[in-house]
Amino acid sequence: MPTILGQNQYGKAENRVVKIVRDGDTHHIKDLNVSVALSGDMAEVHYSGSNANVLPTDTTKNTVYAFAKEHGIESAEQFGIHLARHFVTSQNPIHRARIRIEEYAWERIATSDAGDTKHSFVRKGQETRVSQITYDGEKWEIISGLKDLTVLNSTDSEFWGYVKDKYTTLREAYDRILATDVSARWRYNWTDDAEPMPNWEKSYEQARRHMLHAFAQTYSLSLQQTLYQMGTRIIDSCGEIDEIRFSLPNNHHFLVDLEPFELKNETADGAVYFAADRPYGLIEATVLRDGVEPRIPVDLTNL
Ligand SMILES: O=c1[nH]c(=O)c2[nH]c(=O)[nH]c2[nH]1
């Protein structure tokens with residue numbers, strides 16, 4: 001059966017690009033998911049396999065990261081216009097470029113004492129609040145918490161001095177991005193109808209606030225240390241909570257190597273990062289009031 005080629009397009013989809021702009025101590029963040037789709041004189045590659053007209057999808061990815069560094073990201077629209085114009089005007093066989101961009105919005109974490117922080121951010125949009133209530137006719141067990149509270153520090157995070165064996169390739173980091181999607185469950189020490197109940201709404205707000213403040217205010221040498229500080233802040237500040245368990249993915253942001261394009265991409269002057277979604281480090285631990293038995297299950301996924 002004779003066939004002909006119909007509509008076709010190609011390019012690199014979902015380039016996760018994070019650009020930090022440093023204005024002294026105050027950092028600004030742009031966090032985009034950029035998908036490139038190109039079309040034009042692409043019949044031959046489909047019919048015969050000749051790649052003579054094919055700008056590699058890998059190149060389209062590099063272009064996204066290099067443009068983020070070289071020209072910045074003023075807005076998603078401006079960035080997309082710039083990219084689309086580049087592909088169509090620089091390559092004869094490419095007649096059409098479609099750039100799709102999702103932008104993830106961040107807002108500054110506000111710490112009540114110091115106002116807005118300069119380089120600590122929380123992703124806009126609501127996290128999911130969760131709770132589990134158990135009663136055996138005598139005692140109550142109330143576990144509350146949240147998941148998908150996404151936070152990021154664009155500085156004040158280091159990671160070095162770790163064990164190195166023959167498989168270790170990780171470079172020590174003295175100024176890195178620290179980002180995670182907080183999943184936390186805390187257990188109340190209220191168990192008895194005869195005792196006054198905590199104010200659940202107020203307690204949730206306070207636990208969330210203390211968690212965010214501790215995240216923003218900890219100069220971090222590891223995500224483990226930050227986790228412990230977040231837990232300690234809650235146990236110290238919320239008398240009604242005795243135990244808290246965290247599951248924190250380490251949302252890695254890798255500095256993109258732009259040397260091949262003669263672009264310096266250094267943390268100190270605001271850099272472009274590849275935001276990887278997997279694999280991720282997963283840091284989990286419980287923080288307890290001294291003398292209290294742990295009761296929150298180790299695996300939070302079904303809780
Ligand atoms: O904060 C971190 N903790 C680790 O245990 C770890 N391991 C790693 O590769 N990077 C990091 N970062």
Side-chain angles (χ1 to χ4, degrees), residues 3-22 27-106 121 123 150 152 154 169 171 176-177 179 249 251-267 269-280:
T3 57
I4 57 158
L5 178 68
Q7 197 283 341
N8 62 91
Q9 58 191 25
Y10 81 106
K12 196 72 95 195
E14 303 211 46
N15 298 285
R16 290 284 290 103
V17 54
V18 170
K19 173 88 203 282
I20 304 290
V21 172
R22 292 188 172 204
H27 295 188
H28 305 272
I29 183 170
K30 277 286 184 191
D31 184 355
L32 306 182
N33 191 20
V34 180
S35 294
V36 177
L38 307 177
S39 46
D41 293 335
M42 298 297 158
E44 262 323 294
V45 63
H46 294 89
Y47 289 140
S48 75
S50 164
N51 292 320
N53 283 353
V54 178
L55 181 73
T57 66
D58 188 67
T59 306
T60 68
K61 174 198 72 182
N62 289 344
T63 310
V64 169
Y65 288 106
F67 272 36
K69 180 67 201 177
E70 205 168 6
H71 310 291
I73 303 173
E74 193 183 297
S75 63
E77 289 78 5
Q78 162 275 327
F79 191 59
I81 288 167
H82 203 166
L83 282 166
R85 178 177 290 128
H86 166 80
F87 291 123
V88 172
T89 59
S90 67
Q91 300 296 327
N92 271 335
I94 296 173
H95 301 162
R96 186 169 182 275
R98 189 202 65 199
I99 314 293
R100 284 192 172 158
I101 303 180
E102 293 174 345
E103 177 166 358
Y104 307 113
W106 294 84
F121 303 89
R123 245 291 264 265
T150 302
L152 181 149
S154 53
T169 56
R171 299 265 292 276
R176 67 173 185 172
I177 286 183
N251 295 342
H252 301 302
H253 288 70
F254 297 111
L255 265 184
V256 184
D257 178 12
L258 299 175
E259 283 292 330
F261 323 120
E262 282 155 23
L263 293 170
K264 269 213 170 347
N265 191 29
E266 283 170 357
T267 314
D269 49 60
V272 173
Y273 298 85
F274 160 55
D277 67 341
R278 63 188 75 171
Y280 49 88

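Note that the coordinates shown come from a computational prediction; the quantities given were computed from them, not determined experimentally. Keep in mind that the numbers below use all heavy atoms, side chains included, and drop hydrogens, waters and symmetry copies.
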Quick one: side chains of residues 77-88, donor-acceptor pairs under 3.5 Å with protein atoms, not counting sequence neighbours, listed by atom name and distance.
unit_1	atom_1	unit_2	atom_2	d
Gln78	OE1	Glu74	N	2.9
Gln78	OE1	Ser75	N	3.3

Over 12 non-hydrogen atoms of neighbours within 6.0 angstrom of OH in Tyr104: yes

Using 0.5 Å steps for rounding, measure from the CD1 atom of Ile20 to the OH atom of Tyr273. 6.0 Å

Under the rule for side-chain contact (heavy atoms from CB on, under 4.5 Å), what residues qualify as partners of Asp277, not counting sequence neighbours? none

State, with a plain yes or no, whether a side-chain heavy atom of Val36 is found less than 4.5 Å away from one of Val64. yes

Just jot down the side-chain contact (heavy atoms from CB on, under 4.5 Å) partners of Gln7, sequence neighbours excluded, or say none. Gln9

Below 3.5 Å, can you tabulate the donor-acceptor pairs from side chains in residues 43-57 to any protein atom, sequence neighbours excluded?
unit_1	atom_1	unit_2	atom_2	d
Glu44	OE1	Ser48	OG	2.8
His46	ND1	Met42	O	2.7
Tyr47	OH	Leu5	N	3.0
Ser48	OG	Glu44	O	3.1
Ser48	OG	Ser50	N	3.2
Ser50	OG	Ala52	N	3.3
Asn53	ND2	Asp41	O	2.9
Thr57	OG1	Lys12	NZ	3.0

Under the salt bridge (charged side-chain N to carboxylate O under 4.0 Å, His left out) definition, can you give me all pairs with a residue in residues 52-68, not counting sequence neighbours? Asp58-Lys61

Within-4.5 Å side-chain heavy-atom neighbours: Val18 and Val272: no

Let me confirm one number: the CG-CD1 distance from Leu38 to Ile94, rounded to the nearest 0.5 Å. 4.5 Å

Holding to side chain to side chain donor-acceptor pair (under 3.5 Å), I want the full list of residues that pass it with Glu266, two or more places apart in sequence or in another chain. none

Taking atom CG of Leu32 and atom CD1 of Ile101, what is their separation to the nearest 0.5 Å? 6.0 Å

Side chain to side chain contact (heavy atoms under 4.5 Å, CB included) assessment of Asn15 paired with Asn33: CA-CA 5 Å; Asn15 298 285; Asn33 191 20; 5.7 Å; no

By side chain to side chain donor-acceptor pair (under 3.5 Å), Thr60 pairs with (sequence neighbours left out) none

Are His28 and Lys19 close enough, and set up right, to give a side chain to side chain contact (heavy atoms under 4.5 Å, CB included), and what steps lead you there? CA-CA 8 Å; His28 305 272; Lys19 173 88 203 282; over 6 Å; no

Going by the rule ring pair (Phe, Tyr, Trp, His ring centres under 6.0 Å), which residues pair with Phe254 if we only count those two or more places apart in sequence or in a different chain? His252

Please enumerate all residues that pass side-chain contact (heavy atoms from CB on, under 4.5 Å) together with Ala179, with sequence neighbours excluded. Leu152, Ile177, Asn251, His253

In Å, rounded to the nearest 0.5 Å, how long is the span from CG of Leu258 to CG of Asn265? 4.5 Å

Decide yes or no for Trp106 and Thr150: does some side-chain heavy atom of the first lie under 4.5 Å from some side-chain heavy atom of the second? yes

What donor-acceptor contacts under 3.5 angstrom involve side-chain atoms of residues 65-72, with partners at least two apart or in another chain?
unit_1	atom_1	unit_2	atom_2	d
Tyr65	OH	Arg16	N	3.4
Tyr65	OH	Arg16	O	2.8
Lys69	NZ	Asp269	OD1	3.4
Lys69	NZ	Gly270	O	2.7

Residue set satisfying side chain to side chain donor-acceptor pair (under 3.5 Å) with Thr267, at least two apart, ordered chain then number -> none

Would you compute the distance between atom OG of Ser35 and atom CZ of Arg98 and round it to the nearest 0.5 angstrom? 7.5 Å

